[in-house]
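Quick notes on the structure that follows.
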There are 2 protein chains.
Amino acid sequence: MKSNKIEKDTESKILEAAKRVFVQKGLDGARMQEIADEARINKALLHYYFRSKEKLFMTIFKVELNSFFPRLIPVLLSPDMTHEQKIRHFVEEYIDLFLKNPFLPAFVLREVNRNPQIIAQFIGESGIDSRKLKEVMKVLSNEMGLSLNEVLHLMVTTVSACIFPFAGKPIIEQVLFEGNSTEYNQFLRERKKFVADFVIFSIKGRTI
Amino acid sequence: MKSNKIEKDTESKILEAAKRVFVQKGLDGARMQEIADEARINKALLHYYFRSKEKLFMTIFKVELNSFFPRLIPVLLSPDMTHEQKIRHFVEEYIDLFLKNPFLPAFVLREVNRNPQIIAQFIGESGIDSRKLKEVMKVLSNEMGLSLNEVLHLMVTTVSACIFPFAGKPIIEQVLFEGNSTEYNQFLRERKKFVADFVIFSIKGRTI
DNA sequence: TATCAAATTAACCATTTGGTTAAACTATTT
DNA sequence: AAATAGTTTAACCAAATGGTTAATTTGATA
């Protein structure tokens with residue numbers, strides 16, 4: 001048996017290459033040869049480590065979907081924070097995640113629309129727990145003085161405001177900043193504060 | 001020459017079939033044979049009308065991108081409406097568009113991320129005019145008492161809140177409604193009122 | 001109704017692509 | 001150092017795929 005070091009190295013070289021290619025091109029657009037080239041190995045070695053393109057893709061997708069759902073539920077349930085603090089924390093963490101992985105939103109949306117079942121398939125392993133989520137909604141509902149349904153919409157709106165500027169980068173960059181990527185990136189950095197403010201102001205404006 | 005009726009019929013049969021297939025599967029996932037089958041014609045006929053897959057795709061994409069940007073600028077510039085009325089009008093029209101074309105957001109986002117240049121390529125024909133857009137922003141900035149930059153973020157947030165629930169359908173339906181599509185559709189129908197309220201409340205809450 | 005151009009099709013082609021195989025290589029064990 | 005088991009590669013394969021060609025059909029026109 002080869003030393004574990006080299007063994008693991010090849011596998012992670014493959015995983016890193018596959019991530020880059022799949023995230024950028026999607027399952028349909030990716031080529032096994034390109035992944036092999038990117039990892040600087042023979043194509044047959046891909047099939048030696050991961051039996052098929054599908055299997056390799058699923059391995060990558062599972063990891064990416066997992067990071068797409070941030071581990072923020074405990075914070076949202078914390079009794080030591082106001083709902084304003086919770087909103088700020090959530091928005092900042094979520095946007096930071098996408099600033100570090102700018103292509104994650106477009107990738108997940110693309111693949112999830114290509115094969116909607118894939119989301120049900122991995123729901124268990126994705127760090128999302130429906131029960132906990134409902135608990136969060138109840139807590140927020142009490143804290144904010146809104147109905148459960150209003151909290152649901154509020155959550156979706158908040159998540160939308162975080163995700164869309166990344167998923168729609170080519171549109172926003174071109175239409176709003178005439179292709180100037182510096183301005184677009186500046187805009188993204190401002191987002192954390194703006195989105196949190198926006199949501200908090202909306203709750204205030206509603207309850208007046 | 002054959003009668004115009006039949007000629008046009010075949011071409012539109014192709015366009016309708018191509019739209020269905022491309023919107024669902026994207027450029028990479030679509031197959032010319034499938035489009036031919038869907039249109040109930042021979043595959044060679046596709047190439048007779050549209051020389052290549054790329055050309056056929058571009059024809060479809062241009063149309064879809066065009067409908068993705070609604071013609072709402074005149075309304076937003078109208079001096080006879082309050083900014084609240086404008087927001088309500090915009091949100092209602094935009095969400096209605098997606099209720100009629102639920103796969104449009106995912107399609108546009110997918111293709112625009114696959115090939116970011118495509119958006120610059122069609123910006124002229126897409127019914128979007130940067131100059132007019134800036135005019136809208138100035139008008140809204142005055143009406144709402146917000147800075148230009150705040151209006152920019154506000155616009156992106158509003159658009160996000162309209163688009164994401166459609167682009168992220170598989171995620172929302174599964175995570176928030178455990179796969180119950182009736183509940184998901186109910187949620188979508190409520191959105192028009194909620195999003196408009198949300199934005200308007202936020203402006204109110206901010207200026208207090 | 002003979003002619004002609006456009007529309008349509010069946011058969012075919014070249015390339016790409018995911019996947020396989022058998023041989024070669026490497027490191028560990030005896 | 002011979003045997004062994006895991007790793008890596010070059011060469012290959014079958015199916016799929018976008019695209020082409022040559023022949024046939026269709027319908028209008030003279």
Side-chain angles (χ1 to χ4, degrees), chain A residues 1-62 64 107 110-111 114-115 117-118 121, chain B residues 1-62 64 107 110-111 114-115 118:
Chain A
M1 204 206 303
K2 245 185 184 171
S3 78
N4 258 344
K5 181 143 202 190
I6 289 174
E7 221 181 276
K8 248 205 150 180
D9 219 43
T10 299
E11 190 173 318
S12 53
K13 256 165 45 184
I14 293 177
L15 287 173
E16 282 165 32
K19 175 182 165 176
R20 263 173 277 152
V21 175
F22 277 136
V23 164
Q24 222 221 23
K25 314 214 164 174
L27 173 64
D28 290 331
R31 296 290 162 253
M32 290 299 265
Q33 187 60 57
E34 191 182 348
I35 295 174
D37 292 348
E38 188 89 3
R40 291 166 207 257
I41 55 158
N42 187 288
K43 180 163 66 91
L45 204 52
L46 287 183
H47 289 90
Y48 178 77
Y49 277 85
F50 304 86
R51 304 216 333 219
S52 66
K53 186 187 184 186
E54 193 87 8
K55 288 237 171 64
L56 176 56
F57 173 80
M58 288 305 199
T59 306
I60 300 293
F61 182 76
K62 214 189 288 192
E64 298 304 307
F107 172 63
R110 182 205 290 144
E111 298 306 326
R114 181 184 56 79
N115 172 19
Q117 292 129 2
I118 206 173
Q121 201 172 322
Chain B
M1 204 209 302
K2 245 184 183 175
S3 79
N4 258 344
K5 180 139 198 190
I6 287 174
E7 222 182 275
K8 248 206 150 181
D9 218 44
T10 299
E11 190 173 320
S12 54
K13 254 166 45 185
I14 293 177
L15 287 173
E16 282 166 32
K19 174 182 165 177
R20 262 172 278 153
V21 175
F22 277 134
V23 165
Q24 222 220 19
K25 313 213 166 176
L27 174 63
D28 291 331
R31 297 291 161 250
M32 291 298 265
Q33 187 59 59
E34 191 182 348
I35 295 174
D37 293 348
E38 189 88 1
R40 288 167 209 259
I41 55 158
N42 186 289
K43 179 164 67 93
L45 203 53
L46 286 184
H47 289 90
Y48 179 79
Y49 278 85
F50 304 86
R51 303 212 337 214
S52 66
K53 187 188 184 185
E54 193 88 8
K55 288 239 171 63
L56 177 55
F57 173 80
M58 287 305 197
T59 307
I60 300 293
F61 182 76
K62 212 187 292 190
E64 298 304 306
F107 173 63
R110 182 204 291 146
E111 298 305 325
R114 181 184 56 78
N115 172 20
I118 206 173

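All values below come from the heavy atoms of this structure, side chains included, with hydrogens, waters and symmetry mates left out. Every value quoted in this text rests on a predicted model; they were computed, and no experiment measured them.
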Rounded to whole Å, how long is the line connecting atom [atom1] of [X] with atom [atom2] of [N]?
{"X": "A:Leu46", "N": "D:dT9", "atom1": "CG", "atom2": "P", "result": "10 Å"}
{"X": "B:Asp28", "N": "C:dT16", "atom1": "CG", "atom2": "P", "result": "16 Å"}
{"X": "A:Phe50", "N": "C:dT20", "atom1": "CZ", "atom2": "C1'", "result": "18 Å"}
{"X": "A:Lys53", "N": "C:dG18", "atom1": "NZ", "atom2": "C1'", "result": "8 Å"}
{"X": "A:Leu56", "N": "C:dT17", "atom1": "CG", "atom2": "P", "result": "16 Å"}
{"X": "B:His47", "N": "C:dA14", "atom1": "NE2", "atom2": "P", "result": "16 Å"}
{"X": "A:Lys13", "N": "D:dT7", "atom1": "NZ", "atom2": "C1'", "result": "12 Å"}
{"X": "B:Ile14", "N": "C:dT9", "atom1": "CD1", "atom2": "C1'", "result": "13 Å"}

Is there a side-chain polar atom (N or O) of [X] under 4.0 Å from OP1 or OP2 of [N]?
{"X": "B:Arg31", "N": "D:dG18", "value": "yes"}
{"X": "A:Tyr49", "N": "D:dT8", "value": "yes"}
{"X": "B:Ser52", "N": "D:dG18", "value": "no"}
{"X": "A:Arg51", "N": "C:dG19", "value": "no"}
{"X": "B:Thr10", "N": "C:dA7", "value": "no"}

Requested in this report: Pull out every residue in residues 34-44 of chain B that has a heavy atom closer than 4.0 Å to any atom of DNA chain D, ordered by number, or say none.
Outcome: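 Only B:Lys43, B:Ala44 qualify.
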
Query - Check: B:Gln24 main-chain N/O paired with B:Arg110 side-chain donor or acceptor under 3.5 Å - result: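 Yes, B:Arg110 side chain to B:Gln24 backbone: donor-acceptor pair under 3.5 Å.
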
Query raised in the report: Which of these nucleotides, C:dG18, D:dG19, C:dT8, is closest to any side-chain atom of B:Leu45?
Result: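 Of the candidates, C:dT8 comes closest.
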
Report task. Start with the C-alpha distance between B:Ile14 and B:Leu56, add both sets of side-chain angles, then the distance that settles side chain to side chain contact (heavy atoms under 4.5 Å, CB included), and finish with yes or no. Result -> CA-CA 9 Å; B:Ile14 293 177; B:Leu56 177 55; 4.2 Å; yes

Report task. Answer yes if the side chains of A:Gln33 and A:Asp37 hold a donor-acceptor pair under 3.5 Å, and no otherwise. Result ->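 Present: a donor and an acceptor within the cut-off.
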
**Report entry** Over-ring placement of B:Arg114 relative to B:Phe22, 6.0 Å and 45° cut-offs
**Finding:**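 Cation-pi check for B:Arg114 and B:Phe22: fails.
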
Requested in this report: Could you please spell out the steps behind the side chain to side chain contact (heavy atoms under 4.5 Å, CB included) verdict for B:Asn42 and B:Tyr48?
Outcome: CA-CA 10 Å; B:Asn42 186 289; B:Tyr48 179 79; over 6 Å; no

Query raised in the report: Is it true that atom NZ of B:Lys53 has more than 12 heavy atoms of other residues, nucleotides or ligands lying nearer than 6.0 Å?
Result: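 Enclosed.
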
Query raised in the report: Which heavy-atom pair separates A:Ala36 from A:Leu46 by the least distance, and what is that distance?
Result: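 Reported closest heavy-atom pair: N-CD1, 3.9 Å.
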
